[in-house]
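In what follows, chains are A, B, ... by sequence order, proteins preceding strands, each numbered from 1. These figures come from a predicted structure and were not determined experimentally.
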There are 2 protein chains.
Amino acid sequence: MANRELNQKNSYTISELADELEISPSSIRFYEDKGLIRPQRTPGNQRLYMKKHRARLKMILRGKRFGFTLDEIGEMIGMEDMQMNEVEQINRSQMFFDKKIEEIRYRRAELDYMEKDLLSFKQKLERRRKELNHKK
Amino acid sequence: MANRELNQKNSYTISELADELEISPSSIRFYEDKGLIRPQRTPGNQRLYMKKHRARLKMILRGKRFGFTLDEIGEMIGMEDMQMNEVEQINRSQMFFDKKIEEIRYRRAELDYMEKDLLSFKQKLERRRKELNHKK
DNA sequence: CATAAAGTTAAAGTTAACTTTAAATATTAT
DNA sequence: ATAATATTTAAAGTTAACTTTAACTTTATG
């Protein structure tokens, strides 16, 4: 199957998407069980993913990469099926988002600490190496 | 027991430390089982933690906060018992550290993406809210 | 000094996030 | 048309990171 136009793809089978995102098909099904994605189905009942599903999965993976649980990720991005009508609903989401954004900023600060810790450990090793070199 | 001098503490029982770090004593024991900390013992065989153990635990928690596994954390900071003699040992650690630092930078970039995603979602909600307000 | 509170170990239990398996159906390639 | 390959579901199995429990021992307090 030749690529239509320079790698353009606008629908995927489960394993195509899995390959592209380097996760297993069963993980994708698992995320579906948890209510995080809801792909279309082909007439033969097989899952069919569009670009928006791919984007959604990328967000899920990004969230996972530093410790958000699937439930948290669900709260964060899981409003796909939200009716978006109720203003109050929106207000509630705003508050949630503000909290999450704050959390992200906190985590970034922690990453800075961590980098500092590692760098200072590295320097400790460096000094020790020089010490040993000197003695010889 | 009054504080010695303005909250100065240089040794802790397991539950004192647990309280301060807001984790359970059994988590601390669990980290010990995994070889991540090795506290002193009192004559009666109870664990006794010094400042360096507290610092170490903080690093463990920091690592955990964005998805490093305990094993990874162990590789990262677990060289407490390292003899620090072999230059080759040090070189190996250097490489490991460089890799980890790179990883941290990558994660920070991801946090930036995530924040952008959230902010754009938030704006979408904001627009929708205005739309609704207008219609009324 | 007696007893309550805190600590110890080893082992079993729990939860989240998957993975594997099995048995059936669908799609693709020859 | 048929054989090979991919998907589907439901259920069981796995792993990391804890937590709980049970049966004791040590330390603190009235």
If Ile, Leu, Val, Met, Phe, Trp and Tyr residues are connected whenever their side-chain heavy atoms lie under 4.5 Å apart, and connections chain through other members, are [X] and [Y] in the same group?
{"X": "B/F30", "Y": "B/M59", "value": "yes"}
{"X": "A/L48", "Y": "A/L36", "value": "no"}
{"X": "A/Y106", "Y": "A/I73", "value": "no"}

Atom [atom1] of [X] to atom [atom2] of [N]: distance rounded to whole Å?
{"X": "B/R29", "N": "C/dA6", "atom1": "CZ", "atom2": "P", "answer": "13 Å"}
{"X": "B/Q46", "N": "D/dT27", "atom1": "CD", "atom2": "P", "answer": "5 Å"}
{"X": "B/Y49", "N": "C/dA6", "atom1": "OH", "atom2": "P", "answer": "16 Å"}
{"X": "A/E16", "N": "D/dT7", "atom1": "CD", "atom2": "P", "answer": "8 Å"}
{"X": "A/I28", "N": "C/dC18", "atom1": "CD1", "atom2": "P", "answer": "11 Å"}
{"X": "A/N45", "N": "D/dA10", "atom1": "CG", "atom2": "P", "answer": "11 Å"}
{"X": "B/L48", "N": "C/dT8", "atom1": "CG", "atom2": "P", "answer": "10 Å"}
{"X": "B/L36", "N": "D/dA17", "atom1": "CG", "atom2": "C1'", "answer": "11 Å"}

Proximity to the side chain of [X] - top-ranked nucleotide from [options]:
{"X": "A/F30", "options": "C/dT19, D/dA17, C/dA6", "result": "C/dT19"}
{"X": "A/T42", "options": "D/dA17, C/dT27, D/dT7", "result": "C/dT27"}
{"X": "B/Y31", "options": "C/dG7, D/dT8, D/dC18", "result": "D/dC18"}

Give me the residues of residues 17-27 of chain A where at least one heavy atom lies under 4.0 Å from an atom of DNA chain C, by number, or none.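 Those residues are A/S24, A/S26, A/S27.
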Between the opening five pairs and the closing five pairs of the helix from C/dC1-D/dG30 to C/dT30-D/dA1, how far apart are the helix axes, to 10°?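 It works out to 20° between the end axes.
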Any donor and acceptor pair, going by atom type alone, linking the side chain of B/E72 with main-chain N or O of B/T69 inside 3.5 Å?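 Indeed, once roles are kept as given, a pair shorter than 3.5 Å links the two residues.
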Main chain of A/L17, side chain of A/E20: is a donor-acceptor contact present, judged purely on distance under 3.5 Å?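 Not confirmed, A/E20 side chain does not pair with A/L17 backbone.
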Mind checking if A/R47 touches a base, just sugar-phosphate, or nothing, with heavy atoms under 4.0 Å?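 Counting heavy atoms under 4.0 Å across all strands, the contact made by A/R47 is with sugar-phosphate only.
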[N] phosphate, OP1 or OP2: any side-chain N/O from [X] under 4.0 angstrom?
{"X": "A/T13", "N": "D/dA6", "answer": "no"}
{"X": "B/R41", "N": "C/dT9", "answer": "yes"}
{"X": "B/K34", "N": "D/dA16", "answer": "no"}
{"X": "B/K64", "N": "D/dC18", "answer": "yes"}

What pair of heavy atoms forms the shortest contact from [X] to [Y], and how long is it?
{"X": "B/S24", "Y": "B/A18", "answer": "C-CB, 3.9 Å"}
{"X": "A/H53", "Y": "A/P39", "answer": "NE2-CA, 3.7 Å"}
{"X": "A/I14", "Y": "A/I28", "answer": "O-CD1, 3.9 Å"}
{"X": "A/S11", "Y": "A/M50", "answer": "CB-SD, 3.9 Å"}

Residues B/E32, B/R38: salt bridge by 4.0 Å N-O rule: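 So B/E32 does not pair with B/R38 through a salt bridge.
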